[in-house]
Amino acid sequence: MSLTSALSTAVSGLQAAQQNLQLISSNISNANTEGYTRKTATQQNRTVAGIGQGVTVSNYSRQVDQSLLRQINGETATLQRQSTLDTYYNRLQAVFGTPEANSSVSHLIQSMADAFEQLAADPNKTLTQQGAVTATSNVLTKLDDMSTEIQDLREAADKEIEDAVTTLNNTLDTIETLNTAISKAVAADTPSSDLRDSLDIAIKEISSYMDISYFFKSDGRVAIYTQSGRPLIDETASTLSHTASSISTSTVYPTNINALNVGSTDITTELRNGKLKALVDLRDTELPNLQTELETLASTLREQINIVHNQGTGFPPPQTLTGTLDTTGLPNASDDLTSASGTFRILVSDAAGSQTEAFVVDLTGDTNMADILASINGAAGNTTVTASVNATSGVLELTTTGTGISIQDIDSAITGTATTTAAFTKSGSFSYVFGMNDLIVANDEFNEAGTMSVRSDIVSTPALLSRGQVNTIPAGQTNAGDFYISENDNAVAQLLADKFTDNISFSASGNLGATSATLSEYGSQLVSEQAARATANNTNLDFQQTFVDQLDVQRSSISDVNVDEELSNLIIFEQSYAASSRVISTTNQMFDELMNLI
């Protein structure tokens with residue numbers, strides 16, 4: 001080998017050592033950089049005419065197991081779905097509580113039952129009357145809080161979808177830029193390993209939001225598709241779109257909630273995993289199912305209590321009974337009033353509860369609201385009571401010129417449908433259907449849980465609570481056969497208390513199957529079911545987190561920088577660099593000696 005060849009070989013060794021030292025320096029400095037993978041240089045013997053002429057660095061490589069990365073990305077999608085569900089379940093639990101908690105709806109319903117037991121024991125005491133009103137208000141406030149939280153969480157989920165779309169679009173734009181840079185590097189045969197690290201990070205970001213499939217092209221670019229085959233990025237990045245909506249109980253996808261689109265294609269129902277899947281499920285399935293369960297409890301509570309409350313009267317009774325059913329349209333829409341039959345009695349009493357006037361109203365043959373008004377106003381013996389429909393609210397009003405008015409049902413029966421008046425779907429006695437003495441009222445018949453309250457005049461005057469009922473003076477007593485009411489009568493108060501121990505049939509609702517239970521038991525089932533789902537998801541989340549962590553340990557052992565190992569390599573290449581330098585120095589001395597000989 002000539003001196004020139006020796007010098008060239010030594011220089012190549014020096015350059016190779018420099019390149020490896022540069023890589024080692026980069027590895028050590030990025031040892032704690034998220035997503036950075038250890039880089040190595042591949043050295044190759046350089047030959048000329050079969051004779052070794054030093055060394056060359058043929059390429060730079062990353063220490064990566066792509067199949068392991070694919071598995072991690074897939075499992076990360078599952079982890080993010082469960083983590084998102086866990087976040088929302090925890091927020092629900094903060095409001096719903098546990099069945100045994102004092103603030104739970106089941107406990108508050110039981111407290112309401114206790115309050116009515118106390119009312120039945122002392123019906124004429126202001127303290128027990130106020131206690132029953134307060135206990136009822138506490139239940140309704142809790143139902144409202146639960147309903148509000150459900151809708152707030154649905155709206156939050158929808159807003160998170162909008163925010164996620166912004167993040168995904170930005171990430172897809174980043175991938176498009178990286179694809180271009182990588183393909184240029186591959187074409188120019190220049191290093192692209194750091195660019196590929198950034199690409200892996202971006203792919204993992206996409207996979208945390210949705211289930212994807214992807215592959216790498218020969219020029220290093222990546223193509224990403226949804227699992228259903230919608231292109232997210234191939235030659236260029238697609239644009240995702242979603243605009244968040246204002247959410248209420250009547251807001252549902254796709255009627256009045258905007259779609260999640262890739263380009264112009266709706267992929268809302270195609271999602272299978274990831275954070276977006278959890279958000280869509282929460283918004284469109286999980287939380288609406290819970291709202292349905294809550295509505296079942298709320299509507300049943302209102303119905304059962306109001307049916308009984310309408311059987312009685314407060315003491316002293318009011319001069320005007322104001323219904324809660326909006327009858328707008330009924331006077332000219334007989335198809336809304338399917339049938340009306342039977343009779344009920346109206347009692348007008350004095351301050352002591354004694355009869356001043358009593359008459360029977362017969363509904364037989366009535367086919368619309370006008371007929372019912374005529375039956376009341378034209379009833380035999382009616383000289384002081386006027387029935388009318390409030391021009392503003394559309395509710396039925398019964399007003400007496402006497403002191404107080406009460407209703408005693410005999411066998412009245414009214415059935416309604418929902419063709420013109422959406423709220424007219426109840427069937428039962430006259431007083432119950434028209435809500436002439438409801439305890440619980442709702443501002444929205446289709447969102448009872450979120451809009452129910454105790455009737456305002458009962459809140460201000462608890463004595464209007466139904467405790468007794470219209471009674472008949474027995475034979476042998478003064479004014480036998482007359483009707484009266486008494487402040488010490490507890491008949492209806494006891495019926496209200498007993499209602500909380502009745503087993504009521506609940507139809508299948510949300511995630512709860514059909515069942516027979518008391519009101520408190522159903523409330524407990526509702527809370528327990530949600531708590532069970534939260535617990536099950538949390539268990540799955542813990543398992544999934546452990547699994548992903550184990551996979552990441554495997555990835556780390558392959559791809560992460562081992563500083564100790566890099567320091568060992570540093571010593572090796574320092575020595576290589578020094579040796580190559582020594583060869584160059586020696587060769588130069590030999591050149592000098594040769595020149596001196598000439």
Side-chain angles (χ1 to χ4, degrees), residues 306-334 336-350 353-391 393-417 421 423-424 426-438 464 466 468-473 479 481-485 491-492:
N306 282 346
I307 286 175
V308 177
H309 200 265
N310 274 279
Q311 295 174 17
T313 180
F315 189 93
Q319 279 190 304
T320 298
L321 293 176
T322 302
T324 57
L325 173 68
D326 182 359
T327 65
T328 304
L330 288 179
N332 299 308
S334 60
D336 275 350
L337 188 60
T338 304
S339 65
S341 63
T343 58
F344 63 92
R345 179 175 287 107
I346 292 179
L347 169 67
V348 179
S349 56
D350 60 20
S354 300
Q355 172 182 321
T356 59
E357 179 176 281
F359 58 91
V360 173
V361 178
D362 189 350
L363 300 176
T364 304
D366 290 353
T367 59
N368 53 48
M369 195 63 204
D371 288 345
I372 291 177
L373 292 175
S375 293
I376 298 172
N377 291 326
N382 178 10
T383 63
T384 67
V385 176
T386 301
S388 62
V389 172
N390 187 288
S393 62
V395 299
L396 177 62
E397 294 178 344
L398 300 179
T399 302
T400 180
T401 57
T403 302
I405 184 172
S406 306
I407 295 175
Q408 179 190 41
D409 186 64
I410 301 173
D411 59 359
S412 65
I414 294 179
T415 302
T417 58
T421 304
F424 192 26
K426 298 188 292 185
S427 297
S429 69
F430 165 83
S431 185
Y432 168 65
V433 168
F434 286 97
M436 302 311 299
N437 191 21
D438 284 349
L464 292 175
S466 287
Q469 59 189 0
V470 175
N471 294 296
T472 306
I473 298 175
N479 298 322
D482 276 4
F483 300 92
Y484 71 98
I485 56 175
V492 171

Side chain proximity check, P318 to L464, heavy atoms < 4.5 angstrom: yes
Check whether any side-chain heavy atom of L321 lies under 4.5 Å from a side-chain heavy atom of L396, and answer yes or no. no
Checking F483 now: which residues fulfil ring pair (Phe, Tyr, Trp, His ring centres under 6.0 Å) with it, not counting sequence neighbours? none
Backbone of T343 reached by a side-chain donor or acceptor of D411 within 3.5 Å: yes
For D371 and G365, which heavy atoms make the closest approach, and how far apart are they? OD2-O, 4.1 Å
Search all heavy atoms of Y484 against all heavy atoms of S354 and return the closest pair with its distance. CB-CA, 4.4 Å
Pair N377-T386, side-chain donor/acceptor within less than 3.5 Å: no
Rounded to the nearest 0.5 angstrom, the CD1-OG distance for I414 and S429 is 8.0 Å
The criterion is side-chain contact (heavy atoms from CB on, under 4.5 Å); which residues satisfy it with S393, sequence neighbours excluded? N390, V395
Using a 4.5 Å cut-off on heavy atoms from C-beta on, say whether the side chain of T320 contacts that of I405. no
V492 vs V308, side-chain contact (heavy atoms from CB on, under 4.5 Å): CA-CA, chis, key distance, verdict: CA-CA 7 Å; V492 171; V308 177; 4.1 Å; yes
L398 vs F434, side-chain contact (heavy atoms from CB on, under 4.5 Å): CA-CA, chis, key distance, verdict: CA-CA 11 Å; L398 300 179; F434 286 97; over 6 Å; no
State, to 0.1 Å, how close S406 and V470 come at their nearest heavy-atom pair, and which atoms those are. CB-CG2, 3.9 Å
Distance in Å, F344 CZ paired with I407 CD1, rounded so as to fall on 0.5 Å steps: 6.0 Å
Any idea which heavy atoms bring H309 and D438 closest together, and the distance? ND1-C, 3.9 Å
Just verifying a value: how many Å separate I410 CD1 and R345 CZ, rounded to the nearest 0.5 Å? 4.0 Å
Only one of T313, N310, N437 forms a side chain to side chain donor-acceptor pair (under 3.5 Å) with S466, so which one is it? N437
Between S412 and F430 (side chain of the first, backbone of the second, donor and acceptor by atom type, cut-off under 3.5 Å), is there such a pair? yes
P317 vs I485 side-chain heavy atoms within contact, under 4.5 Å: yes
Would you say the side chain of Q355 lies within less than 4.5 Å of the side chain of L347, judging by non-hydrogen atoms? yes
Any T400 side-chain heavy atom under 4.5 Å of E357 side chain: no
Could you tell me the separation between the OH atom of Y432 and the CD1 atom of I307, rounded to the nearest 0.5 Å? 4.5 Å
Counting only N and O atoms by type, is there a donor-acceptor contact under 3.5 Å from the side chain of N471 to the main-chain atoms of Q469? yes
So I346 and I376, do their side chains get closer than 4.5 Å, heavy atoms only? yes
Closest non-hydrogen contact found for D366 with S375 is OD2-OG, 2.8 Å
Let me confirm one number: the CG-CE distance from L325 to M436, rounded to the nearest 0.5 Å. 10.0 Å
